[in-house]
2 protein chains.
Amino acid sequence: MAKGRPREFDAEEALDKAMMVFWQQGFEGASLSDLTEAMGISRPSLYAAFGNKEELFRRALERYVETGPAAKYFAALAEPTARVVVERLLRDAAQSLTDPCHPAGCLSVQGALSCSEAAQSIKDELSALRCNGEAALTERFERAKAEGDLPASSNPAVLARYVAALLQGMAVQASGGATREQLLDVAEMALGSWPS
Amino acid sequence: MAKGRPREFDAEEALDKAMMVFWQQGFEGASLSDLTEAMGISRPSLYAAFGNKEELFRRALERYVETGPAAKYFAALAEPTARVVVERLLRDAAQSLTDPCHPAGCLSVQGALSCSEAAQSIKDELSALRCNGEAALTERFERAKAEGDLPASSNPAVLARYVAALLQGMAVQASGGATREQLLDVAEMALGSWPS
DNA sequence: CCCATTAATTACCGATCGGTATAGAATAGC
DNA sequence: GCTATTCTATACCGATCGGTAATTAATGGG
(Lines give C-alpha, C1' and ligand atoms only; values in the text may rest on other atoms or scores of the structure.)
Protein backbone atom coordinates (compact mmCIF):
# COMPACT_ATOMS: atom_id res chain seq x y z
CA MET A 1 0.00 0.00 0.00
CA ALA A 2 1.00 3.68 -0.26
CA LYS A 3 3.38 3.46 -3.14
CA GLY A 4 5.12 6.41 -4.68
CA ARG A 5 6.85 9.35 -3.13
CA PRO A 6 5.13 10.45 0.09
CA ARG A 7 3.89 14.03 0.21
CA GLU A 8 6.02 16.32 2.29
CA PHE A 9 3.21 18.42 3.78
CA ASP A 10 0.23 17.75 6.00
CA ALA A 11 -2.93 18.13 3.93
CA GLU A 12 -5.11 19.27 6.82
CA GLU A 13 -2.57 21.83 7.98
CA ALA A 14 -2.31 23.17 4.45
CA LEU A 15 -6.09 23.29 4.25
CA ASP A 16 -6.23 25.29 7.47
CA LYS A 17 -3.79 27.80 6.03
CA ALA A 18 -5.85 28.06 2.85
CA MET A 19 -8.97 28.56 4.96
CA MET A 20 -7.34 31.50 6.71
CA VAL A 21 -6.42 33.12 3.40
CA PHE A 22 -9.92 32.69 1.97
CA TRP A 23 -11.34 33.92 5.25
CA GLN A 24 -9.35 37.11 5.14
CA GLN A 25 -9.35 37.88 1.45
CA GLY A 26 -12.41 36.10 0.10
CA PHE A 27 -12.49 33.58 -2.72
CA GLU A 28 -11.68 36.01 -5.50
CA GLY A 29 -9.32 38.18 -3.47
CA ALA A 30 -7.14 35.18 -2.64
CA SER A 31 -4.71 34.49 -5.46
CA LEU A 32 -3.01 31.18 -6.11
CA SER A 33 0.25 32.84 -5.11
CA ASP A 34 -1.25 33.99 -1.80
CA LEU A 35 -2.51 30.46 -1.19
CA THR A 36 0.64 28.54 -2.09
CA GLU A 37 2.77 30.91 -0.05
CA ALA A 38 0.57 30.55 3.03
CA MET A 39 0.25 26.80 2.60
CA GLY A 40 3.98 26.40 2.09
CA ILE A 41 3.60 24.21 -0.97
CA SER A 42 4.20 24.64 -4.67
CA ARG A 43 1.51 25.25 -7.20
CA PRO A 44 1.59 21.76 -8.77
CA SER A 45 1.41 20.21 -5.30
CA LEU A 46 -1.72 22.24 -4.59
CA TYR A 47 -3.37 21.12 -7.79
CA ALA A 48 -2.36 17.50 -7.27
CA ALA A 49 -3.76 17.47 -3.75
CA PHE A 50 -6.87 19.62 -4.09
CA GLY A 51 -7.87 19.81 -7.76
CA ASN A 52 -8.21 23.53 -8.40
CA LYS A 53 -8.92 26.80 -6.65
CA GLU A 54 -12.66 26.21 -6.47
CA GLU A 55 -12.32 22.71 -5.03
CA LEU A 56 -9.72 23.96 -2.59
CA PHE A 57 -12.20 26.56 -1.39
CA ARG A 58 -14.90 23.93 -0.99
CA ARG A 59 -12.54 21.73 1.00
CA ALA A 60 -11.56 24.68 3.17
CA LEU A 61 -15.21 25.56 3.69
CA GLU A 62 -15.96 21.96 4.63
CA ARG A 63 -13.25 22.17 7.24
CA TYR A 64 -14.62 25.50 8.44
CA VAL A 65 -17.99 23.88 8.97
CA GLU A 66 -16.74 20.68 10.55
CA THR A 67 -13.91 21.81 12.78
CA GLY A 68 -14.09 25.62 12.69
CA PRO A 69 -16.48 28.21 14.11
CA ALA A 70 -19.45 26.82 12.22
CA ALA A 71 -19.16 23.61 14.25
CA LYS A 72 -19.89 25.57 17.43
CA TYR A 73 -22.97 26.99 15.78
CA PHE A 74 -24.51 23.57 15.29
CA ALA A 75 -23.32 22.43 18.71
CA ALA A 76 -25.23 25.31 20.28
CA LEU A 77 -28.48 23.93 18.88
CA ALA A 78 -28.19 21.06 21.33
CA GLU A 79 -28.75 23.32 24.33
CA PRO A 80 -31.85 22.44 26.34
CA THR A 81 -34.01 25.53 25.74
CA ALA A 82 -34.44 28.03 22.93
CA ARG A 83 -33.34 30.80 25.24
CA VAL A 84 -30.06 29.05 26.04
CA VAL A 85 -29.55 28.16 22.38
CA VAL A 86 -29.79 31.82 21.43
CA GLU A 87 -27.60 32.88 24.35
CA ARG A 88 -24.88 30.53 23.21
CA LEU A 89 -25.25 31.43 19.54
CA LEU A 90 -24.91 35.15 20.16
CA ARG A 91 -22.21 35.00 22.81
CA ASP A 92 -20.13 32.41 21.00
CA ALA A 93 -20.44 34.49 17.85
CA ALA A 94 -19.18 37.60 19.62
CA GLN A 95 -16.26 35.55 20.85
CA SER A 96 -15.43 33.72 17.65
CA LEU A 97 -15.93 36.66 15.30
CA THR A 98 -13.21 38.56 17.14
CA ASP A 99 -10.88 35.69 17.99
CA PRO A 100 -7.33 36.91 17.32
CA CYS A 101 -6.30 33.37 16.34
CA HIS A 102 -7.92 33.79 12.96
CA PRO A 103 -9.28 36.51 10.66
CA ALA A 104 -12.14 38.62 11.97
CA GLY A 105 -15.65 37.86 10.79
CA CYS A 106 -17.17 34.78 9.22
CA LEU A 107 -15.99 32.85 6.17
CA SER A 108 -19.53 32.02 5.12
CA VAL A 109 -20.35 35.73 4.97
CA GLN A 110 -17.19 37.28 3.60
CA GLY A 111 -16.00 34.37 1.46
CA ALA A 112 -17.92 35.70 -1.52
CA LEU A 113 -20.74 38.08 -0.62
CA SER A 114 -20.38 39.63 -4.07
CA CYS A 115 -18.30 38.39 -6.96
CA SER A 116 -17.90 38.19 -10.71
CA GLU A 117 -19.97 35.76 -12.72
CA ALA A 118 -17.06 33.33 -12.70
CA ALA A 119 -17.43 32.81 -8.94
CA GLN A 120 -21.21 32.75 -8.83
CA SER A 121 -21.28 29.08 -7.83
CA ILE A 122 -19.12 29.84 -4.80
CA LYS A 123 -21.40 32.68 -3.78
CA ASP A 124 -24.40 30.40 -4.18
CA GLU A 125 -22.78 27.69 -2.11
CA LEU A 126 -22.09 30.12 0.71
CA SER A 127 -25.61 31.50 0.76
CA ALA A 128 -26.94 27.94 0.72
CA LEU A 129 -24.76 27.20 3.73
CA ARG A 130 -26.12 30.20 5.61
CA CYS A 131 -29.60 29.13 4.63
CA ASN A 132 -28.98 25.65 6.02
CA GLY A 133 -27.86 27.10 9.30
CA GLU A 134 -30.99 29.20 9.46
CA ALA A 135 -33.16 26.20 8.62
CA ALA A 136 -31.57 24.17 11.40
CA LEU A 137 -32.35 26.99 13.80
CA THR A 138 -35.93 27.12 12.56
CA GLU A 139 -36.31 23.43 13.30
CA ARG A 140 -34.83 23.94 16.73
CA PHE A 141 -37.36 26.69 17.44
CA GLU A 142 -40.20 24.54 16.15
CA ARG A 143 -39.19 21.90 18.63
CA ALA A 144 -38.99 24.52 21.36
CA LYS A 145 -42.46 25.71 20.50
CA ALA A 146 -43.79 22.16 20.64
CA GLU A 147 -42.15 21.72 24.01
CA GLY A 148 -43.77 24.90 25.33
CA ASP A 149 -40.32 26.40 25.51
CA LEU A 150 -41.38 29.21 23.19
CA PRO A 151 -44.81 30.89 23.24
CA ALA A 152 -47.46 29.18 21.11
CA SER A 153 -47.89 32.47 19.29
CA SER A 154 -44.26 32.62 18.19
CA ASN A 155 -43.15 32.07 14.62
CA PRO A 156 -40.06 29.82 14.53
CA ALA A 157 -39.06 30.75 10.98
CA VAL A 158 -39.19 34.46 11.71
CA LEU A 159 -37.33 34.06 14.99
CA ALA A 160 -34.63 32.05 13.21
CA ARG A 161 -34.32 34.61 10.44
CA TYR A 162 -34.04 37.37 12.99
CA VAL A 163 -31.27 35.60 14.87
CA ALA A 164 -29.51 34.70 11.61
CA ALA A 165 -29.65 38.31 10.45
CA LEU A 166 -28.26 39.48 13.75
CA LEU A 167 -25.39 36.99 13.59
CA GLN A 168 -24.60 37.97 10.02
CA GLY A 169 -24.73 41.63 10.94
CA MET A 170 -22.33 40.96 13.80
CA ALA A 171 -20.06 39.27 11.26
CA VAL A 172 -20.09 42.41 9.11
CA GLN A 173 -19.33 44.51 12.17
CA ALA A 174 -16.45 42.23 13.12
CA SER A 175 -15.07 42.41 9.62
CA GLY A 176 -15.08 46.18 9.99
CA GLY A 177 -13.07 46.01 13.20
CA ALA A 178 -15.71 45.88 15.94
CA THR A 179 -14.36 44.66 19.27
CA ARG A 180 -15.55 41.66 21.22
CA GLU A 181 -17.10 43.92 23.86
CA GLN A 182 -19.04 45.82 21.23
CA LEU A 183 -20.41 42.61 19.78
CA LEU A 184 -21.27 41.32 23.23
CA ASP A 185 -23.25 44.51 23.80
CA VAL A 186 -25.26 43.73 20.69
CA ALA A 187 -25.76 40.15 21.85
CA GLU A 188 -26.96 41.19 25.31
CA MET A 189 -29.23 43.82 23.82
CA ALA A 190 -30.92 41.20 21.67
CA LEU A 191 -31.13 38.76 24.56
CA GLY A 192 -32.75 41.40 26.70
CA SER A 193 -35.82 41.36 24.51
CA TRP A 194 -35.93 37.67 23.72
CA PRO A 195 -39.51 36.29 24.03
CA SER A 196 -39.18 33.81 26.90
CA MET B 1 -15.90 78.42 -21.96
CA ALA B 2 -16.21 74.68 -22.71
CA LYS B 3 -13.62 74.35 -25.41
CA GLY B 4 -12.69 71.09 -26.99
CA ARG B 5 -14.78 68.21 -28.18
CA PRO B 6 -17.81 67.66 -25.94
CA ARG B 7 -18.14 64.24 -24.33
CA GLU B 8 -20.73 62.01 -25.87
CA PHE B 9 -21.98 60.40 -22.66
CA ASP B 10 -23.65 61.64 -19.50
CA ALA B 11 -21.19 61.33 -16.65
CA GLU B 12 -23.85 60.79 -13.98
CA GLU B 13 -25.63 58.16 -16.02
CA ALA B 14 -22.33 56.37 -16.58
CA LEU B 15 -21.60 56.64 -12.87
CA ASP B 16 -24.95 55.07 -12.06
CA LYS B 17 -24.18 52.15 -14.35
CA ALA B 18 -20.78 51.73 -12.71
CA MET B 19 -22.45 51.83 -9.30
CA MET B 20 -24.72 48.96 -10.31
CA VAL B 21 -21.78 46.85 -11.46
CA PHE B 22 -19.82 47.47 -8.25
CA TRP B 23 -22.97 46.83 -6.27
CA GLN B 24 -23.52 43.45 -7.85
CA GLN B 25 -19.95 42.24 -8.25
CA GLY B 26 -17.98 44.15 -5.63
CA PHE B 27 -14.92 46.29 -6.23
CA GLU B 28 -12.58 43.46 -7.09
CA GLY B 29 -15.15 41.33 -8.87
CA ALA B 30 -15.95 44.14 -11.28
CA SER B 31 -13.45 44.21 -14.13
CA LEU B 32 -12.71 47.22 -16.29
CA SER B 33 -14.35 45.36 -19.16
CA ASP B 34 -17.52 44.80 -17.09
CA LEU B 35 -17.54 48.47 -16.22
CA THR B 36 -16.93 49.94 -19.67
CA GLU B 37 -19.49 47.62 -21.20
CA ALA B 38 -22.17 48.59 -18.68
CA MET B 39 -21.29 52.28 -18.88
CA GLY B 40 -21.30 52.22 -22.66
CA ILE B 41 -17.98 54.03 -22.96
CA SER B 42 -14.46 53.08 -23.96
CA ARG B 43 -11.65 52.46 -21.55
CA PRO B 44 -9.73 55.69 -22.24
CA SER B 45 -12.96 57.67 -21.84
CA LEU B 46 -13.44 56.10 -18.45
CA TYR B 47 -9.92 56.99 -17.37
CA ALA B 48 -10.19 60.53 -18.73
CA ALA B 49 -13.45 61.13 -16.91
CA PHE B 50 -12.90 59.28 -13.62
CA GLY B 51 -9.15 58.77 -13.11
CA ASN B 52 -8.88 55.06 -12.42
CA LYS B 53 -10.84 52.12 -11.08
CA GLU B 54 -10.41 53.11 -7.46
CA GLU B 55 -11.52 56.70 -8.03
CA LEU B 56 -14.42 55.49 -10.12
CA PHE B 57 -15.51 53.35 -7.20
CA ARG B 58 -15.24 56.29 -4.81
CA ARG B 59 -17.31 58.45 -7.15
CA ALA B 60 -19.90 55.70 -7.48
CA LEU B 61 -19.96 55.29 -3.72
CA GLU B 62 -20.39 59.04 -3.28
CA ARG B 63 -23.38 58.86 -5.58
CA TYR B 64 -24.71 55.88 -3.67
CA VAL B 65 -24.57 57.91 -0.49
CA GLU B 66 -25.96 61.13 -1.92
CA THR B 67 -28.68 59.99 -4.26
CA GLY B 68 -28.98 56.23 -3.63
CA PRO B 69 -30.29 54.11 -0.77
CA ALA B 70 -27.86 55.59 1.72
CA ALA B 71 -29.55 58.96 1.30
CA LYS B 72 -32.78 57.52 2.67
CA TYR B 73 -30.87 56.24 5.66
CA PHE B 74 -29.79 59.72 6.68
CA ALA B 75 -33.20 61.14 5.81
CA ALA B 76 -34.78 58.71 8.27
CA LEU B 77 -32.77 60.24 11.11
CA ALA B 78 -34.92 63.37 10.79
CA GLU B 79 -38.03 61.57 12.01
CA PRO B 80 -39.46 63.05 15.22
CA THR B 81 -38.89 60.15 17.63
CA ALA B 82 -36.35 57.38 18.02
CA ARG B 83 -39.08 54.83 17.59
CA VAL B 84 -40.15 56.28 14.24
CA VAL B 85 -36.54 56.63 13.14
CA VAL B 86 -35.97 52.93 13.72
CA GLU B 87 -39.26 52.02 12.09
CA ARG B 88 -38.28 53.89 8.98
CA LEU B 89 -34.73 52.58 8.96
CA LEU B 90 -35.78 48.96 9.18
CA ARG B 91 -38.76 49.14 6.84
CA ASP B 92 -37.00 51.24 4.23
CA ALA B 93 -34.09 48.83 4.39
CA ALA B 94 -36.35 45.83 3.77
CA GLN B 95 -37.77 47.70 0.81
CA SER B 96 -34.54 49.01 -0.66
CA LEU B 97 -32.49 45.86 -0.10
CA THR B 98 -34.90 43.94 -2.30
CA ASP B 99 -35.76 46.63 -4.83
CA PRO B 100 -35.73 44.94 -8.26
CA CYS B 101 -34.55 48.22 -9.84
CA HIS B 102 -31.04 47.55 -8.65
CA PRO B 103 -28.87 44.72 -7.26
CA ALA B 104 -29.96 43.11 -4.02
CA GLY B 105 -28.22 44.09 -0.83
CA CYS B 106 -26.12 47.10 0.09
CA LEU B 107 -23.08 48.49 -1.72
CA SER B 108 -21.45 49.57 1.53
CA VAL B 109 -21.59 45.98 2.77
CA GLN B 110 -20.85 43.94 -0.32
CA GLY B 111 -18.61 46.41 -2.13
CA ALA B 112 -15.54 44.93 -0.47
CA LEU B 113 -16.28 43.00 2.71
CA SER B 114 -13.10 41.01 2.10
CA CYS B 115 -10.43 41.63 -0.48
CA SER B 116 -6.78 41.33 -1.39
CA GLU B 117 -4.23 43.71 0.07
CA ALA B 118 -4.42 45.79 -3.09
CA ALA B 119 -8.00 46.81 -2.30
CA GLN B 120 -7.56 47.29 1.43
CA SER B 121 -8.13 51.03 1.19
CA ILE B 122 -11.51 50.43 -0.45
CA LYS B 123 -12.48 48.00 2.27
CA ASP B 124 -11.41 50.53 4.89
CA GLU B 125 -13.39 53.29 3.23
CA LEU B 126 -16.52 51.17 3.23
CA SER B 127 -16.21 50.19 6.87
CA ALA B 128 -15.60 53.84 7.73
CA LEU B 129 -18.79 54.71 5.88
CA ARG B 130 -20.77 52.13 7.85
CA CYS B 131 -19.17 53.46 11.00
CA ASN B 132 -20.25 56.99 10.14
CA GLY B 133 -23.80 55.84 9.63
CA GLU B 134 -23.73 54.15 13.00
CA ALA B 135 -22.25 57.23 14.65
CA ALA B 136 -25.00 59.41 13.19
CA LEU B 137 -27.55 57.02 14.63
CA THR B 138 -25.83 57.12 18.00
CA GLU B 139 -26.10 60.90 18.02
CA ARG B 140 -29.75 60.67 17.07
CA PHE B 141 -30.38 58.33 20.00
CA GLU B 142 -28.47 60.60 22.35
CA ARG B 143 -30.76 63.41 21.35
CA ALA B 144 -33.76 61.14 21.83
CA LYS B 145 -32.53 60.23 25.28
CA ALA B 146 -32.08 63.90 26.18
CA GLU B 147 -35.59 64.58 24.94
CA GLY B 148 -36.99 61.80 27.10
CA ASP B 149 -37.83 59.97 23.95
CA LEU B 150 -35.72 57.02 25.04
CA PRO B 151 -35.44 55.74 28.63
CA ALA B 152 -32.79 57.45 30.73
CA SER B 153 -31.29 54.01 31.32
CA SER B 154 -30.74 53.33 27.63
CA ASN B 155 -27.36 53.30 25.99
CA PRO B 156 -27.46 55.16 22.66
CA ALA B 157 -24.21 53.69 21.33
CA VAL B 158 -25.33 50.13 22.04
CA LEU B 159 -28.77 50.74 20.57
CA ALA B 160 -27.20 52.20 17.44
CA ARG B 161 -24.79 49.29 17.08
CA TYR B 162 -27.66 46.86 17.50
CA VAL B 163 -29.72 48.55 14.78
CA ALA B 164 -26.66 48.83 12.52
CA ALA B 165 -25.90 45.13 12.96
CA LEU B 166 -29.48 44.24 12.18
CA LEU B 167 -29.45 46.37 9.02
CA GLN B 168 -26.17 44.87 7.88
CA GLY B 169 -27.46 41.39 8.58
CA MET B 170 -30.54 42.14 6.53
CA ALA B 171 -28.20 43.23 3.75
CA VAL B 172 -26.42 39.88 3.90
CA GLN B 173 -29.76 38.11 3.80
CA ALA B 174 -30.88 40.17 0.82
CA SER B 175 -27.65 39.40 -0.98
CA GLY B 176 -28.43 35.73 -0.45
CA GLY B 177 -31.85 36.08 -2.03
CA ALA B 178 -34.15 36.83 0.91
CA THR B 179 -37.49 38.31 -0.12
CA ARG B 180 -38.92 41.64 0.94
CA GLU B 181 -41.54 39.92 3.08
CA GLN B 182 -38.88 37.92 4.89
CA LEU B 183 -36.89 41.05 5.64
CA LEU B 184 -40.01 42.85 6.78
CA ASP B 185 -40.63 39.99 9.20
CA VAL B 186 -37.19 40.60 10.67
CA ALA B 187 -37.87 44.32 10.87
CA GLU B 188 -41.22 43.87 12.64
CA MET B 189 -39.71 41.33 14.99
CA ALA B 190 -37.06 43.82 16.05
CA LEU B 191 -39.60 46.65 16.32
CA GLY B 192 -41.76 44.47 18.54
CA SER B 193 -39.14 44.57 21.26
CA TRP B 194 -37.96 48.14 20.81
CA PRO B 195 -37.60 49.92 24.19
CA SER B 196 -40.17 52.71 23.95
C1' DC C 1 -10.02 79.50 -41.36
C1' DC C 2 -6.87 77.93 -38.21
C1' DC C 3 -5.43 76.64 -33.91
C1' DA C 4 -5.71 75.11 -29.17
C1' DT C 5 -8.20 71.98 -26.55
C1' DT C 6 -10.68 68.03 -25.34
C1' DA C 7 -12.84 63.49 -26.38
C1' DA C 8 -13.20 58.95 -28.93
C1' DT C 9 -10.87 54.99 -31.03
C1' DT C 10 -7.60 51.57 -31.79
C1' DA C 11 -4.17 49.13 -30.49
C1' DC C 12 -1.16 48.12 -27.23
C1' DC C 13 1.66 47.68 -22.45
C1' DG C 14 3.73 44.85 -18.49
C1' DA C 15 1.91 42.23 -14.70
C1' DT C 16 -0.70 38.90 -12.86
C1' DC C 17 -4.37 35.64 -13.21
C1' DG C 18 -5.57 30.37 -12.80
C1' DG C 19 -3.62 26.30 -14.48
C1' DT C 20 -0.08 22.80 -16.51
C1' DA C 21 3.85 20.24 -19.14
C1' DT C 22 8.04 18.31 -18.11
C1' DA C 23 11.59 16.51 -15.77
C1' DG C 24 13.79 15.02 -11.49
C1' DA C 25 13.45 12.95 -6.69
C1' DA C 26 11.58 9.71 -3.36
C1' DT C 27 9.08 5.70 -2.09
C1' DA C 28 6.98 0.30 -2.34
C1' DG C 29 6.86 -4.04 -4.53
C1' DC C 30 9.30 -7.28 -7.05
C1' DG D 1 18.60 -3.10 -8.50
C1' DC D 2 14.78 -2.27 -11.31
C1' DT D 3 10.22 -0.54 -12.26
C1' DA D 4 5.90 1.54 -11.41
C1' DT D 5 4.06 5.12 -8.93
C1' DT D 6 3.60 9.39 -6.65
C1' DC D 7 5.24 13.76 -5.24
C1' DT D 8 8.20 18.12 -6.03
C1' DA D 9 10.39 21.92 -8.67
C1' DT D 10 11.13 24.78 -12.58
C1' DA D 11 9.48 26.87 -16.05
C1' DC D 12 5.99 27.88 -18.78
C1' DC D 13 0.94 28.51 -20.98
C1' DG D 14 -2.96 31.58 -22.90
C1' DA D 15 -6.15 34.80 -20.91
C1' DT D 16 -7.22 38.57 -18.50
C1' DC D 17 -6.00 42.14 -15.32
C1' DG D 18 -5.64 47.50 -14.74
C1' DG D 19 -3.86 51.13 -17.36
C1' DT D 20 -1.93 54.07 -21.65
C1' DA D 21 0.36 55.92 -26.12
C1' DA D 22 -0.93 57.59 -30.34
C1' DT D 23 -4.04 58.95 -33.65
C1' DT D 24 -8.32 60.89 -35.27
C1' DA D 25 -12.63 63.60 -34.64
C1' DA D 26 -15.19 67.37 -32.85
C1' DT D 27 -15.71 71.71 -30.67
C1' DG D 28 -14.81 77.16 -29.25
C1' DG D 29 -11.98 81.28 -29.60
C1' DG D 30 -9.15 84.23 -32.36
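By convention in this document, chain letters (A, B, ...) are assigned in the order of the sequence lines, proteins followed by strands, and residues within each chain are numbered from 1.
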Starting from [atom2] on [N], measure out to [atom1] on [X] and report it in whole angstrom.
| X | N | atom1 | atom2 | value |
| --- | --- | --- | --- | --- |
| B/Leu35 | D/dT16 | CG | C1' | 14 Å |
| A/Leu32 | D/dT16 | CG | P | 16 Å |
| A/Glu117 | D/dA15 | CD | P | 19 Å |
| A/Phe50 | D/dT8 | CZ | P | 10 Å |
| A/Glu54 | C/dG19 | CD | C1' | 13 Å |
| B/Asn52 | C/dA15 | CG | P | 19 Å |
| A/Tyr47 | D/dC13 | OH | P | 17 Å |
| B/Glu55 | D/dG18 | CD | P | 15 Å |

Identify, with sequence neighbours excluded, every residue that meets salt bridge (charged side-chain N to carboxylate O under 4.0 Å, His left out) alongside B/Glu147.
-> B/Arg143
Please list, chain by chain and in numerical order, all residues satisfying salt bridge (charged side-chain N to carboxylate O under 4.0 Å, His left out) with B/Glu117, sequence neighbours excluded.
-> none
OP1 or OP2 of C/dT10 less than 4.0 angstrom from a side-chain nitrogen or oxygen of B/Ser42, does that happen here?
-> no
Looking for any heavy atom pair under 4.0 Å, which part of the strands does B/Ser31 touch: base, sugar-phosphate only, or nothing?
-> sugar-phosphate
Identify whether any heavy atom of A/Ala30 sits under 4.0 Å from a base atom; if not, whether one sits that close to sugar-phosphate; answer base, sugar-phosphate or nothing.
-> sugar-phosphate
When you check every protein heavy atom under 4.0 Å of nucleotides 1-7 of chain C, what one-letter string (B, S, -) results, 5' to 3'?
-> ----BBB
Any pair with a residue in residues 104-146 of chain B that passes ring pair (Phe, Tyr, Trp, His ring centres under 6.0 Å), sequence neighbours left out, goes on the list, sorted by first then second residue, please.
-> B/Phe141-B/Trp194
Just by distance, with hydrogens left out, do B/Gln168 and A/Gln173 show a side-chain donor and acceptor under 3.5 Å apart?
-> yes
Out of D/dT20, C/dA21, D/dG19, whichever nucleotide has its closest atom nearest the side chain of A/Pro44 | C/dA21
Should B/Val172 and A/Leu126 be regarded as members of a common hydrophobic cluster, given that ILVMFWY residues are connected when their side-chain heavy atoms come within less than 4.5 Å of each other, either directly or indirectly?
-> no
Applied to residues 24-47 of chain A, the salt bridge (Lys or Arg N to Asp or Glu O under 4.0 Å) test, sequence neighbours excluded, yields none
Ring pair (Phe, Tyr, Trp, His ring centres under 6.0 Å) partners for A/Tyr162, two or more places apart | none
